[in-house]
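Since the structure comes first, as structure tokens, the remarks are kept for the end.
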Amino acid sequence: AQTVTQSQPEMSVQEAETVTLSCTYDTSENNYYLFWYKQPPSRQMILVIRQEAYKQQNATENRFSVNFQKAAKSFSLKISDSQLGDTAMYFCALLTGNQFYFGTGTSLTVIP
Amino acid sequence: KAGVTQTPRYLIKTRGQQVTLSCSPISGHRSVSWYQQTPGQGLQFLFEYFSETQRNKGNFPGRFSGRQFSNSRSEMNVSTLELGDSALYLCASSREQVSSYNEQFFGPGTRLTVL
């Protein structure tokens, strides 16, 4: 069975600071992909960043980067220079077997 | 290009009733996936439809069913509603079948409340 665990239900960060959201996963599959999605309040969910498990290099998208530790099955998201628009629910997701498995989410609030 | 649309946006039903939710994917997208989002469980996969065929199904009871039409629009039906079915139901479309290189685009969701 595949599982995705986000152990931080809520987090806050001061504007312009850096915050890291944690995610651990479990799968017995060798071929899988990891994603972070963002769901702003009352707005649609959008893809933030994706990581291929076979790539050792951590993915980066502007202010967003991941720390992918394959052996530890850990996939954390770092947001640098946090902005008010980063306030949202963040979901970690695992894709394997052509199906997505999502964590329970971390609600991030950026404080002005 | 218009995004994924879902109707209705809000719905209130009573236990035992049935409900049908609709999802219109982005033009040109042939895959539609449905998810149930609840505060305690996060997003849970319901099913994926591709070219009018159910391609994949999550671990939900048979009360949850769906279909996809030739124009790729999809409907989800829940029969004999239970209180625990109260949730935000999201649909997501992608150009082809769900895979690592076909990004999913999510709709705004339908908020279902069962009284």
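Keep in mind that this is a model prediction, so the values were computed, not measured. Residue numbering restarts at 1 for every chain, and letters A, B, ... go by the order of the sequence lines.
- A:Phe64 and A:Leu47 are assigned to two separate hydrophobic clusters, defined by single-linkage of ILVMFWY side chains at heavy-atom distances under 4.5 Å.
- Heavy-atom minimum distance, B:Leu90 versus A:Met45: CD1-CE, 3.9 Å.
- Residues B:Val19 and B:Trp34 are members of one and the same hydrophobic cluster, defined by side-chain heavy-atom contacts under 4.5 angstrom among Ile, Leu, Val, Met, Phe, Trp and Tyr.
- With a 4.5 angstrom heavy-atom cutoff, B:Gln44 does not touch chain A via any of its atoms.
- There is no path of hydrophobic side-chain contacts, each under 4.5 Å, that joins A:Ile49 to A:Leu95.
- B:Leu43 and B:Phe47 fall into different hydrophobic clusters, where Ile, Leu, Val, Met, Phe, Trp and Tyr side chains are chained together by heavy-atom contacts under 4.5 Å.
- The contact between A:Gln39 and chain B is made entirely by side chain atoms (from C-beta outward), counting heavy-atom distances below 4.5 Å.
- In terms of the salt bridge (charged side-chain N to carboxylate O under 4.0 Å, His left out) criterion, A:Glu61 has no residue partners (sequence neighbours excluded).
- The neighbour count for B:Arg63 CZ, taken as heavy atoms of other residues, nucleotides or ligands under 6.0 Å away, is above 12.
- Contact of B:Tyr35 with chain A is made through the side chain alone, with heavy-atom distances under 4.5 Å.
- How far CZ of A:Phe100 is from CD of B:Gln104: 4.5 Å, rounded to the nearest 0.5 Å.
- Residue contact with chain B, scored on non-hydrogen atoms closer than 4.5 Å, involves the side chain of A:Phe91 exclusively.
- In this structure, no portion of A:Tyr101 lies under 4.5 Å from any heavy atom of chain B.
- Interatomic distance, A:Asn98 CG to B:Arg55 CZ, rounded to the nearest 0.5 Å: 4.0 Å.
- Interface remark: B:Glu48 contributes side-chain atoms only to the contact with chain A (heavy atom separation under 4.5 Å).
- Linking ILVMFWY residues whenever their side-chain heavy atoms come closer than 4.5 Å, directly or via other members, leaves A:Val66 and A:Phe35 in distinct clusters.
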